[in-house]
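All values below were derived from every heavy atom in this structure, side-chain atoms included, with hydrogens, water molecules and symmetry-related copies excluded. Keep in mind that this is a model prediction, so the values were computed, not measured.
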Amino acid sequence: MTQHQAGTPLRVVADMSGVSFMDSSGINVLISAHQHLTDAQGWLRIAAPRKPSTAS
């Protein structure tokens with residue numbers, strides 16, 4: 001994450017529209033970002049997640 005102005009909560013929107021697969025490493029990045037942003041009174045939002053695929 002990049003630095004931001006002091007006193008301004010950082011707000012991040014993660015556009016997931018191009019993500020067709022995410023393993024545990026990617027999920028851990030989102031969790032870590034969420035925790036850091038929450039600690040700084042900011043937030044993380046996930047936009048355009050794809051529906052889970054179903055195995056045939």
Side-chain angles (χ1 to χ4, degrees):
M1 288 186 281
T2 60
Q3 293 182 355
H4 63 285
Q5 285 184 329
T8 304
L10 188 58
R11 296 176 176 106
V12 175
V13 178
D15 180 359
M16 306 300 282
S17 62
V19 178
S20 60
F21 173 81
M22 182 181 296
D23 65 6
S24 61
S25 296
I27 294 169
N28 283 329
V29 167
L30 292 175
I31 291 169
S32 178
H34 168 71
Q35 290 171 336
H36 284 44
L37 290 163
T38 300
D39 290 347
Q41 278 69 55
W43 50 252
L44 171 68
R45 299 293 185 264
I46 296 175
R50 291 185 178 198
K51 292 182 180 180
S53 61
T54 55
S56 301

inquiry  = So, applying side-chain contact (heavy atoms from CB on, under 4.5 Å) with Thr38, which one of His36, Gln41, His34, Gln35 is it?
reply    = His34
Considering residues at least two apart in sequence or located in another chain, which fulfil the side-chain contact (heavy atoms from CB on, under 4.5 Å) criterion with [X]?
X     : value
Ser17 : Asp15, Ala48
Asp23 : Phe21, Ser25
Arg50 : Ser20
Val29 : none

Locate the shortest heavy-atom distance separating [X] from [Y]; write the atom from each residue and the value.
X     : Y     : answer
Trp43 : Val13 : CZ3-CG2, 4.0 Å
Met22 : Ile27 : SD-N, 3.4 Å
Gly42 : Pro9  : CA-CB, 4.1 Å
Leu30 : Leu44 : O-CD2, 3.5 Å

